[in-house]
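A short write-up of the structure that comes next.
The sequence lines fix the lettering, A, B, ..., with proteins before strands; numbering per chain opens at 1.
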2 protein chains.
Amino acid sequence: MDAKIVDVAAKAGVSPATVSRVLNQASGVTSKTRNKVMKAVEELNYHPNAAAKNLRQQKTMNIGVIAQDINNAYFTEIIKGIENMAYAQKYRVFICDAENQLEKEREYMTMLMDRTMDGVILIAPQLLDEEICEMADKGYYVAVIGRNIEHPRIPCIYTDNVKFSRQVMEHLLSNGHRDIVFLNGYPEAIDSYERLEGYLKALKDNQIPFRPELVENGDFNETGGYEAMKRLFDKNIPFTAVYAANDEMALGVYQACAERGISIPNQLAVVGVDNNRISKYVTPALSTVNQPKYTMGAILVEKFIDQMNDNQFADQRVFVVDSELLIRGSSNYKMK
Amino acid sequence: MDAKIVDVAAKAGVSPATVSRVLNQASGVTSKTRNKVMKAVEELNYHPNAAAKNLRQQKTMNIGVIAQDINNAYFTEIIKGIENMAYAQKYRVFICDAENQLEKEREYMTMLMDRTMDGVILIAPQLLDEEICEMADKGYYVAVIGRNIEHPRIPCIYTDNVKFSRQVMEHLLSNGHRDIVFLNGYPEAIDSYERLEGYLKALKDNQIPFRPELVENGDFNETGGYEAMKRLFDKNIPFTAVYAANDEMALGVYQACAERGISIPNQLAVVGVDNNRISKYVTPALSTVNQPKYTMGAILVEKFIDQMNDNQFADQRVFVVDSELLIRGSSNYKMK
DNA sequence: GCAGATATTGTAATCGATTTCATTTTGAAT
DNA sequence: ATTCAAAATGAAATCGATTACAATATCTGC
């Protein structure tokens with residue numbers, strides 16, 4: 001149906017090799033033949049068949065991004081950073097939605113083995129470190145956003161959870177809070193673990209004894225946060241602040257408080273993590289931690305492409321970026 | 001690096017043709033050889049090279065989805081419908097973010113011409129109808145969500161803007177509003193045009209004269225809505241309700257009202273369109289129109305795949321789906 | 001005008017699968 | 001045991017580009 005390189009060659013009165021040279025290296029061809037060829041290309045609206053090209057060149061210039069959930073702006077913002085930087089380097093980015101399913105994540109990894117993609121960027125993968133390392137060992141290009149995978153060939157970028165977690169705590173403590181709830185995500189996630197770690201360290205730094213009954217799991221989603229709060233209220237123990245490991249769960253906290261007539265921030269301070277767009281719109285606006293999402297995507301993909309092109313690192317493999325605490329109405333109140 | 005079909009064939013002691021048969025049709029092979037081959041496939045962790053396969057078969061089983069902005073949950077929700085239905089039919093879906101840029105949209109269309117994708121689904125494209133038709137004329141598979149492109153080979157699905165627009169107006173009118181502002185998106189968009197049409201028809205049906213000064217453009221984004229409201233306030237004309245052509249602009253309305261100390265819904269009723277997730281969280285909750293996004297994606301891709309497989313339509317080409325008006329706090333107040 | 005170097009172009013091999021067609025094997029019927 | 005049809009397998013062509021290598025054209029300097 002569409003024109004092939006031989007058609008272009010015939011029309012321009014040259015060999016297919018010449019057509020290829022015109023379209024690719026752009027040198028070693030007289031301008032006269034180049035013009036002839038370009039004219040034929042235009043007239044036939046010729047586009048080299050990607051499959052043939054990929055097969056012969058053993059590369060595709062495609063990068064896959066596997067996100068856990070494209071409905072979540074946290075991921076899509078990162079992806080925009082990836083996409084724009086990759087685009088500038090002539091790579092095409094294809095986004096895959098794993099929908100929080102490990103099986104889908106794994107299925108998308110086959111894109112590497114069947115060579116549909118030159119490389120794959122995993123954002124906050126559920127895959128185990130070992131699985132990811134194994135792929136890298138086999139020579140596939142993999143990069144990870146969200147945690148550090150200890151493997152010399154895997155570029156990684158992530159934020160220092162412990163650090164910002166302590167900042168959140170210092171903020172609450174400085175407002176006079178002592179009985180602070182920590183609403184955890186699902187406990188297997190590294191983010192959960194590290195945010196909890198920051199919570200604990202901050203308590204220790206301030207000589208406040210850790211009370212395990214103040215920690216609940218909320219699975220990183222709104223309903224989970226809501227249920228967790230209900231469990232906490234039922235315990236009938238006093239607390240004046242909630243540090244939720246993400247904004248989604250914090251929204252659940254708002255809901256639970258609304259039901260009980262508890263006023264934020266006067267009776268309860270709330271802080272989340274992620275700077276979900278919604279956090280700005282709720283009443284009161286939710287204090288949260290903002291990660292430089294776009295930049296994280298951009299930095300990582302740039303290094304990744306470097307590596308794919310040279311098959312070695314120019315310099316750094318691991319990037320740790322800082323987050324910023326955004327203090328809003330939900331925690332902007334000093335306890336007496 | 002990775003195993004090729006000849007390696008598998010050698011290991012299993014058969015010809016490449018037989019390996020291919022085992023992996024593809026699954027018939028015409030004794031179970032003994034099938035087992036031998038499968039064993040070799042396992043041991044070598046063989047995955048057929050996609051480029052070679054695509055080249056030979058002249059198809060990729062890939063569908064591209066070109067979205068205007070993956071940060072917008074309206075698009076990603078549709079995409080989930082597409083993705084899940086396509087997945088069930090063995091198609092892989094790749095998401096491309098056009099970032100509201102016509103140029104990127106066009107660039108991604110080359111995926112069709114270079115045969116990276118078997119087909120492309122455009123969501124609310126900026127491309128002109130003619131451009132899209134031209135692609136279809138050339139034999140490429142294209143489908144469109146958001147409007148009807150009059151072309152026998154282009155499946156389309158969209159909502160009846162005029163219809164729900166009238167519903168919104170009837171709702172406001174029944175609450176006693178007569179001076180109703182219409183906040184339009186950018187005027188070139190078909191959605192803008194049709195929603196305005198519904199606004200006008202509802203006025204006519206109720207013998208209310210149309211006052212052009214009550215219509216402002218807000219470009220479909222929050223800032224646009226905010227600016228438009230400021231312009232309206234400055235006009236110093238009375239109005240008691242705002243019908244914004246999408247939720248984003250309605251958020252701008254909230255902001256403008258907050259600045260002026262205007263209370264929603266008592267002094268001003270607000271209704272949006274899209275059921276953006278945020279609309280539920282603002283105070284008061286925003287009345288809006290919900291489209292069956294997931295279903296729209298699913299229905300369309302199903303027909304699209306049918307068409308790609310049979311190269312003809314089983315039945316319908318155009319699907320018009322109904323939306324639902326969600327009445328929330330922002331418009332739930334009767335004027336006296 | 002010619003030799004030799006260099007630049008341009010063409011021929012044919014190649015990438016790794018699928019698939020057509022030919023060949024061999026198997027099995028059923030006699 | 002033999003014949004013949006049917007089933008299983010293999011050999012080789014094919015998809016459409018790139019690219020190594022060979023061949024030809026052009027240019028330089030004398």
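- Of all heavy-atom pairs between Ala86(B) and Val93(B), the closest is CB-CG2, 3.4 Å.
- In this entry the distance linking CE of Met61(A) with P of dT18(D) reads 13 Å, nearest Å.
- Counting non-hydrogen atoms under 4.0 angstrom, Val14(A) reaches the backbone sugars and phosphates but no base.
- Between the Asp118(B) side chain and the Thr60(B) main chain, a donor and an acceptor come within less than 3.5 Å of each other.
- When the side-chain nitrogen and oxygen atoms of Tyr46(B) are compared with OP1 and OP2 of dG16(C), none of them lie within a distance under 4.0 Å.
- Annotation for Lys104(A): atom NZ counts as buried by contact number, over 12 foreign heavy atoms lying within 6.0 Å.
- A side chain to side chain contact (heavy atoms under 4.5 Å, CB included) with Arg21(A) holds for exactly one of Thr33(A), Val29(A), Val14(A), Val37(A); it is Val29(A).
- One atom, NZ of Lys32(B), and another, C1' of dT9(D), lie 13 Å apart when rounded to the nearest Å.
- Between the NZ atom of Lys53(A) and the P atom of dT14(C) there is a distance of 22 Å, rounded to whole Å.
- Between Asn221(B) atom CG and Asp69(B) atom CG the span is 11.0 Å, to the nearest 0.5 Å.
- The separation between Arg115(A) atom CZ and dG16(C) atom C1' is 13 Å, rounded to whole Å.
- Between atom OH of residue Tyr74(B) and atom CD1 of residue Ile123(B) there is a gap of 8.0 Å, rounded to the nearest 0.5 Å.
- Each of dC15(D), dA17(C), dA17(D) was ranked by its minimum atom distance to the side chain of Leu55(B); first place goes to dC15(D).
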Exercise for the section: Mind running side chain to side chain contact (heavy atoms under 4.5 Å, CB included) on Tyr140(B) and Ile132(B) for me, showing each step along the way? Expected result: CA-CA 10 Å; Tyr140(B) 300 111; Ile132(B) 300 173; over 6 Å; no
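- Looking at Asn71(A) and Lys80(B), their side chains come closer than 4.5 Å, going by heavy atoms from C-beta outward.
- Close to dT18(D), at under 4.0 Å from its OP1 or OP2, lies no side-chain N or O of Gln58(A).
- Listed pair Thr30(A) / dA7(C) fails the phosphate criterion, with no side-chain N or O lying under 4.0 Å from OP1 or OP2.
- With dG10(C), dA17(C), dA17(D) as the candidates, the nucleotide lying closest to the side chain of Lys4(A) is dA17(D).
- Cation-pi geometry between Arg92(B) and Tyr87(B) is not met at under 6.0 angstrom from the ring centre and within 45 degrees of the axis.
- The nearest whole Å value for the distance from the CG atom in Asn54(A) to the P atom in dC15(C) is 16 Å.
- When rounded to the nearest whole Å, the span between CD1 of Ile5(B) and C1' of dT18(C) equals 8 Å.
- For the pair Lys59(A) NZ and dA17(D) P, the interatomic distance rounds to 17 Å; values are reported in whole Å.
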Is there any protein nitrogen or oxygen under 3.5 Å from a nitrogen or oxygen in nucleotides 19-25 of chain D, and what are the pairs?
none

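- Overall, the helix from dG1(C)-dC30(D) to dT30(C)-dA1(D) carries an axis bend of 30° between its ends, with five pairs at each end and the value rounded to 10°.
- A straight line from CZ of Arg34(A) to P of dT9(C) spans 9 Å, rounded to a whole angstrom.
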